[in-house]
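Every chain is numbered from 1 and lettered A, B, ... according to where its sequence line falls, protein lines coming before strand lines. Being a predicted model, the structure only gives us computed values, none of them experimental.
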There are 2 protein chains.
Amino acid sequence: MTQAPRISADELQRFGKDAFLSGGLPASDAATIAADLVKANLRGLDSHGVSRIPMYLERIERGVVNPRPNMQLTKVAGAVAHLDGDDGMGFLASHKAMDAAMDLAAEAGIGMVGVHRSTHFGMGALYALQALERGFVSMIFTNSSPAISMWGGRTAFLGASPIAAGIPAGKAAPFVMDMSMTVIARGKIRLAAKRGEPIAPGLALDVEGNPTTDASKAFEGVCLPFGGIKGSVLATMMDLMAGALTGANYGGDVKSLYFDHSEPQNVGHLFFAIRPDLFMSMTDFEARMEEFNRRIKALPRAAGCDEVLMPGEPEARAEVQRLAEGIPVTDNVLADLAAVAAARKLTPIATQDQGRIA
Amino acid sequence: MTQAPRISADELQRFGKDAFLSGGLPASDAATIAADLVKANLRGLDSHGVSRIPMYLERIERGVVNPRPNMQLTKVAGAVAHLDGDDGMGFLASHKAMDAAMDLAAEAGIGMVGVHRSTHFGMGALYALQALERGFVSMIFTNSSPAISMWGGRTAFLGASPIAAGIPAGKAAPFVMDMSMTVIARGKIRLAAKRGEPIAPGLALDVEGNPTTDASKAFEGVCLPFGGIKGSVLATMMDLMAGALTGANYGGDVKSLYFDHSEPQNVGHLFFAIRPDLFMSMTDFEARMEEFNRRIKALPRAAGCDEVLMPGEPEARAEVQRLAEGIPVTDNVLADLAAVAAARKLTPIATQDQGRIA
């Protein structure tokens, strides 16, 4: 493991915004996407953070991502709207869709927004956190480019297609879930490949269908679904609900983020927002969530576990720490970003401010 | 493995209805529940079929299930209703709630119904199949009595809490999902215990927290979640969305179906219905689902796989076969049902009509 310099969130935000500005995005959109990527880094999900900037810029440059989308939101029923993402950055379509779902839910109790002609939307938890800010329960479905097989198949067909969700909890830790349908996130395999590190056995097969611990071969091959057939079935649901239902690409047609620049991805998403005070007062609901938090802290713990945590609590703690201490960014990611800075004449990332850590 | 006599679905239906009539249920409710249990047997999910009749009758007899509930359905927002199950059989509350969710979705595009004061609702796929009959997409969440631990805990706290879903597919096989959050359904461990058969390693811990292959010890202990932390997090979501949100018991408070007759279970469920023609015509949507079915049949197959199947397709095929050939019912389940017949003076199940199979 090489030493990783720690960079402040502010400096990464500054650089990310500059980078997307150089890609032709409006200032507010560039700032939004930079903040989303830095948020992933802050929460410890470095696979979905600033390391992806060069890839996103390349896709814009090659014309498969529209830097200035004209997104169309259409209400199609009392509690449902549809968003055409116009091939823009998936982050922008997704924030707009999540907001629209909450507006619908404010009226109807639940709101759902289907998105098509979107692209990779980054860390799914972003939209659960967005909903939590307005006090809504949320669920976020997406499909993605082929990474795992149908159960019984041996080639990549379904996406890693994460599912995310959030539930507010008053003064206690909210529930925040974000999980891909693979044993580990495909982005983590990509990052290991980038770092030249091997991956654990049992995560992936190479293009020939053989088990591999070579991260590069795994990234080109097929990921194994978590929980065997159950993860595969959930991935099938993601492709059908987020893809087939919304009018997006599906059934193996979502284009690869890294390997295909032939045309826009046409990723599909499905956003649900639910008012938490439908069946009781908000006060009573929050009290129930706080009670849940109290109970899990008092549970008998497994060997090696110091504290039982709410899903999302480890990431929230990482955010506090990384805001204070800076975000560790590996040298090869920094080199990629330095190359972006040089090619686009951007102020490079200042790496001296917070020292180096192991 | 003992030989299992095959009984016709009609004869099991006849007996099931008689049994629930003897428990004091109205005729139409008794018929509905009998049909639901036989449906589970037909689909090959014997753990959720007629073997449960003695348990359900005992719960009615002990006063923790109300044989004649006065269920209250209340619309609480444009697309949301709440159902008080009045401690009746969960099947009845669930059918009523799924229907109400579809009525709401017909108007608002999506409909959601939260249920509290319900009890065990049987096979989750029942309600996905119900929604498919009216042409709706569905999702079904429930919580259940403690069976698995929070991630980091070592005692049973979360339910096995299945999630189910359905997506219509025109002339092709619909998507039907029904999975518990355990590696295998707790009902299957119970059935193995009943049969005196061991279970595979890696499925459960005994009450002391030690791995066990003794089905009885496993049933009293804690089940392991599927996919490790991911299954545990999904089970947490089920408890919070189906339990905390709806006003049902949650956080370890749902009473055991088998071991606790102190008070009603107060299980919670959450039913979602979605119109499939929100973002395109029904014809276009069905064509997309049919195309998905065609594509999966053409996928390169893994070794040992003869055909890639849509989730739910194996169960649909089992139903065709068991309708024609009868349902295999093991001798110890038949003995339990014979005891019920004797105690309640019911016509016992005729076992001679369809012979015995291995």
Side-chain angles (χ1 to χ4, degrees), chain A residues 76-80 82 107-110 112 114 116 137 149-155 157 165 167 175 177 179 183 209 226-228 230-231 233-234 236-237 240-241 244-247 250-252 274-276 278-280 285 288-289 291-292 295-296 299-302 305 307-311, chain B residues 76-80 82 107-110 112 114 116 137 149-155 157 165 167 175 177 179 183 209 226-228 230-231 233-234 236-237 240-241 244-247 250-252 274-276 278-280 285 288-289 291-292 295-296 299-302 305 307-311:
Chain A
V76 299
V80 182
H82 193 222
E107 288 291 317
I110 182 169
M112 184 181 84
H116 78 163
V137 174
S149 63
M150 280 291 290
W151 194 250
R154 63 176 157 79
T155 52
F157 180 72
I167 306 174
F175 172 87
M177 173 180 98
M179 59 173 76
V183 180
F226 85 96
K230 293 192 179 188
V233 168
L234 282 169
T236 307
M237 182 170 84
L240 296 175
M241 300 270 279
L245 184 72
T246 62
Y250 73 107
I274 301 168
R275 269 179 39 206
L278 289 164
F279 308 129
M280 65 195 74
F285 178 70
R288 283 164 78 85
M289 290 297 293
E291 172 65 16
F292 189 90
R295 289 187 187 183
I296 65 174
L299 288 172
R301 291 187 295 280
C305 172
E307 183 182 358
V308 175
L309 298 172
M310 190 72 136
Chain B
V76 299
V80 182
H82 194 222
E107 288 290 316
I110 183 170
M112 184 180 84
H116 77 164
V137 174
S149 62
M150 279 292 289
W151 194 249
R154 65 175 156 79
T155 52
F157 180 71
I167 307 174
F175 172 87
M177 174 180 96
M179 57 173 77
V183 180
F226 84 97
K230 293 191 179 189
V233 168
L234 282 170
T236 306
M237 182 170 86
L240 295 175
M241 300 271 280
L245 184 72
T246 62
Y250 72 108
I274 301 169
R275 268 179 39 206
L278 290 165
F279 306 130
M280 65 194 73
F285 177 71
R288 284 165 76 85
M289 291 297 292
E291 172 64 18
F292 188 91
R295 289 188 187 182
I296 64 174
L299 288 171
R301 292 186 295 278
C305 172
E307 182 182 357
V308 175
L309 298 172
M310 190 71 136

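Of the listed residues (A:Leu234, A:Val183, A:Val137), the one with the most heavy-atom contacts under 4.5 Å to chain B is A:Leu234. Your options are A:Gly231, A:Gly252, A:Gly227, and the one with the most heavy-atom pairs under 4.5 Å with chain B is A:Gly227. If you tally non-hydrogen atom pairs under 4.5 Å between each of A:Pro311, A:Gly78, A:Gly251, A:Pro300 and chain B, the highest count goes to A:Pro300. For chain B, the option among A:Leu245, A:Ile296, A:Ile274 with the highest count of heavy-atom pairs below 4.5 Å is A:Leu245. Listed options A:Met150, A:His82, A:Lys230 were ranked by heavy-atom pairs under 4.5 angstrom with chain B; first place goes to A:Lys230. Heavy-atom pairs under 4.5 Å with chain B were tallied for A:Gly109, A:Gly114, A:Pro276, A:Gly153; the largest tally goes to A:Gly153.
In this structure, A:Tyr250 and B:Phe292 have parallel ring planes: the angle between them is below the 30° cut-off, well short of the 60° mark.
The contact between B:Ala244 and chain A is made by backbone and side chain atoms together, counting heavy-atom distances below 4.5 Å. Proximity to chain B involves both the backbone and the side chain of A:Ile110, based on heavy atoms less than 4.5 angstrom apart. If you measure heavy-atom distances from A:Val233 to chain B, the contacts under 4.5 Å come from both the backbone and the side chain. Residue contact with chain B, scored on non-hydrogen atoms closer than 4.5 Å, involves the backbone and the side chain of A:Met237 alike. Within the 4.5 angstrom heavy-atom criterion, only backbone atoms of A:Leu309 (N, CA, C, O) approach chain B.
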Passes side chain to side chain contact (heavy atoms under 4.5 Å, CB included), A:Leu240 versus B:Met310? Steps please. CA-CA 11 Å; A:Leu240 296 175; B:Met310 190 71 136; 4.0 Å; yes
Is there a side chain to side chain contact (heavy atoms under 4.5 Å, CB included) between A:Leu278 and B:Met112 once you walk through the steps? CA-CA 11 Å; A:Leu278 289 164; B:Met112 184 180 84; 3.6 Å; yes
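Listed here is the closest heavy atom pair of B:Arg275 and A:Ala77: NH1-CB, 4.5 Å. Closest approach of B:Ala79 and A:Ala79 over heavy atoms only: CB-CB, 4.1 Å. Heavy atoms only, all atoms of each residue included: A:Thr246 and B:Phe279 are closest at CA-CD1, 3.7 Å.
The main-chain N or O of B:Arg301 is found under 3.5 Å from a side-chain atom of A:Arg154 such that the two form a donor-acceptor pair.
Annotation: B:Glu107, atom CD; neighbour count of heavy atoms from other residues, nucleotides and ligands within 6.0 Å does not exceed 12.
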